[in-house]
Structures are given as C-alpha cells and as structure tokens.
Amino acid sequence: MFDRELLERPSTEVAPLLLGALLTVGDVTVRLTEVEAYLGELDPGSHAFRGPGRRNAVMYGEAGHLYTYFTYGMHVCANVTCSPAGVASAVLLRAGEVVAGLETARMRRATSKTDADLARGPARLCVALGITLDDGGVDLATGRVRLDLPAHAQEFVTGPRTGVSGAGGSDIYPWRFWIPGDPTVSPYKRSVPKKRN
DNA sequence: GTCGAGATTATCT
DNA sequence: GATAATCTCGACC
C-alpha cells in the first residue's frame with residue numbers, strides 16, 4: 001500500500017514507517033531494514049541546511065517522492081521525501097534486504113560476497129536497485145521507483161549512539177532507525193571506535 | 001572481525 | 001576551491 005498522508009509528517013515519524021517497506025525498481029525489490037531521518041533546514045548535516053538548491057529541491061516538494069544525490073563522486077544515495085510541500089525533510093534509506101531480483105542485484109554488486117551485503121549501505125542500496133540521479137524526483141506511487149508501505153507497524157529500535165542520554169546539545173541527528181536482529185543492518189563503522197589494548 | 005586511510009565528482013560559496 | 005549523508009582495500013588481532 002501507499003498512503004501519501006502517512007508521509008506528510010516529520011521525518012522522525014516517517015522513518016519507522018518505512019522500516020519493512022518494500023522498494024521496487026524494475027525487477028529488483030528490497031525490504032528496508034535501516035533508515036535515517038533528516039530534518040532539512042534544522043539539521044546541519046542535511047543538504048537543505050543552507051536553503052534550497054538544485055540538488056535538494058525535491059526535498060521541498062511533496063511528500064512521497066524519491067530524492068537522490070551524488071556523493072564522493074562514485075556513490076548515489078536515495079531518500080524518501082516527507083512533510084508537506086515547502087518543508088525540507090527526508091528519510092535516508094541506509095540498508096535493505098533484497099527479496100526479489102536477486103540475480104540482477106548480484107550482478108550489479110559483483111563485489112558483494114553474500115546476499116546480506118547487496119544492499120547494506122546507502123550507496124549499495126542504490127546500486128543494487130539500479131537507482132541513479134535520473135530517478136530523482138519521481139513519485140513513489142507512480143514512478144519507476146515504487147514504495148510499498150507495510151500493512152502493520154514494524155518493530156524497530158533507534159540509535160542514540162552508545163546510550164547518549166543528555167544530548168547536551170552537540171549531535172542533534174542521531175535519528176537512525178533499524179529493525180533489530182536483521183543481518184543486513186548497520187554492520188558498518190561503529191559510532192564509537194572501540195579502543196584496543 | 002575490526003581499524004585506518006584513500007578515492008573521486010556534483011554542487012555550492 | 002571547498003565540501004559531502006560513502007565504499008573499498010590493506011593491515012592487524
């Protein structure tokens with residue numbers, strides 16, 4: 001199902017709704033297992049922090065569209081825009097599990113040795129699905145990229161990094177959400193480097 | 001399995 | 001010219 005009204009909320013509320021959702025592009029379908037909320041203009045880490053630009057124009061548009069961007073020259077990341085038009089807000093898709101089109105995904109991600117690696121990471125997710133800058137701005141209800149929200153709320157946990165409680169006032173964007181126990185989630189760098197002897 | 005450094009291009013100041 | 005929401009590879013335990 002796809003209900004745009006569900007997406008017209010703050011990204012921190014939309015993020016958990018996207019967990020378990022199915023994202024389909026062509027022959028490949030991915031079940032989202034990890035996402036991260038971005039609050040546009042309020043988030044210093046967001047591309048929209050300094051105001052509207054070419055790249056982030058989609059984030060200011062209607063909810064339920066795909067926002068793609070290029071980073072480090074080699075990687076593409078995908079976001080789902082949320083909040084009503086005029087508000088820059090989006091949810092970054094960080095990881096997922098390939099549930100259909102495995103063969104296609106494997107070909108695209110030749111460097112991945114296991115299926116769990118196919119869409120483990122924002123840029124990898126896009127490669128596995130075949131998402132490019134060309135797909136930016138498409139409507140997720142009718143475009144080449146389709147979003148299918150889960151019928152029931154998914155169980156999820158958030159990542160307030162190593163139990164940051166105070167939030168003293170430095171990092172204001174620890175809004176990471178993922179499905180606990182999923183092998184395709186967050187195997188990448190830890191937020192807190194472990195100290196070696 | 002885990003840590004550390006480098007690569008590479010679109011976009012904005 | 002500076003910046004960026006990352007990935008891959010090599011070294012070590």
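Letters A, B, ... mirror the listed sequences (proteins, then strands); counts begin at 1.
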**Asked** Taking everything shown except A:Glu155 itself, do over 12 heavy atoms lie less than 6.0 Å from its CD?
**Response** no
**Asked** Between which residue ranges does DNA chain C form stems of three or more consecutive Watson-Crick or G-U wobble pairs, both distances under 3.5 Å?
**Response** B:1-7 with C:6-12, B:9-12 with C:1-4
**Item:** All side chain to side chain donor-acceptor pair (under 3.5 Å) counterparts of A:Asp115, not counting sequence neighbours
**Value:** A:Arg106
**Prompt:** How long is the line joining CD of A:Glu34 and P of C:dT6, in whole Å?
**Reply:** 11 Å
**Fill in**
Apart from A:Phe49 itself, its cluster of hydrophobic side chains linked below 4.5 Å comprises none
**Prompt:** Between A:Leu42 (CG) and C:dA5 (C1'), how many Å, whole number?
**Reply:** 16 Å
**Asked** Whole Å only: how far is the OH atom of A:Tyr69 from the C1' atom of C:dC7?
**Response** 13 Å
**Message:** With side-chain hydrogen bond (donor to acceptor under 3.5 Å, both in side chains) as the test, pick out the partner of A:Ser11 among A:Ser89, A:Ser46, A:Ser83.
**Reply:** A:Ser89
**Message:** Tell me the interatomic distance from A:Tyr38, atom OH, to C:dT6, atom C1', rounded to whole angstroms.
**Reply:** 11 Å
**Prompt:** Can you check the A:Lys113 NZ to C:dC7 C1' distance for me, whole Å?
**Reply:** 13 Å
**Prompt:** When you check every protein heavy atom under 4.0 Å of nucleotides 7-13 of chain B, what one-letter string (B, S, -) results, 5' to 3'?
**Reply:** BBB-SSS
**Asked** Does any non-hydrogen side-chain atom of A:Thr29 lie less than 4.5 Å from one of A:Leu23?
**Response** no
**Message:** Can you pull out the residues from residues 102-111 of chain A that lie within a 4.0 Å heavy-atom distance of DNA chain C?
**Reply:** A:Arg109, A:Thr111
**Message:** When you group the ILVMFWY residues by side-chain heavy-atom contacts below 4.5 Å and let the links chain together, are A:Leu7 and A:Trp175 in the same group?
**Reply:** yes
**Prompt:** So does A:Arg176 get a side-chain nitrogen or oxygen closer than 4.0 Å to the phosphate oxygens (OP1/OP2) of C:dA5?
**Reply:** no
**Message:** Angle between ring planes, A:His47 versus A:Tyr69, binned at 30° and 60°: parallel, tilted or perpendicular?
**Reply:** perpendicular
**Prompt:** How many angstroms lie between atom OG1 of A:Thr33 and atom CG of A:Leu93, to the nearest 0.5 angstrom?
**Reply:** 10.0 Å
**Prompt:** When the distance from CZ of A:Arg124 to C1' of C:dA5 is rounded to whole Å, what number comes out?
**Reply:** 16 Å
**Prompt:** What is the distance from atom CG of A:Leu125 to atom NE2 of A:His75, rounded to the nearest 0.5 Å?
**Reply:** 14.0 Å
**pair A:Arg4-A:His65: side-chain heavy atoms closer than 4.5 Å** = yes
**Item:** A:Thr184 vs A:Asp182, side chain to side chain donor-acceptor pair (under 3.5 Å): CA-CA, chis, key distance, verdict
**Value:** CA-CA 5 Å; A:Thr184 62; A:Asp182 197 287; 2.5 Å; yes
**Complete:** Residues in residues 6-23 of chain A with a heavy atom under 4.0 Å of DNA chain C, by number, are none
**Message:** Please tell me whether A:Leu39 and A:Val87 are part of a single hydrophobic cluster in this structure, the criterion being side-chain heavy atoms less than 4.5 Å apart.
**Reply:** no
**Request:** Give the rounded distance in Å between these two atoms: OH of A:Tyr67 and C1' of C:dA5.
**Result:** 9 Å
**Request:** Following the transitive rule for hydrophobic clusters with a side-chain heavy-atom cut-off under 4.5 Å over Ile, Leu, Val, Met, Phe, Trp and Tyr, establish whether A:Val35 and A:Phe2 coincide in one cluster.
**Result:** yes
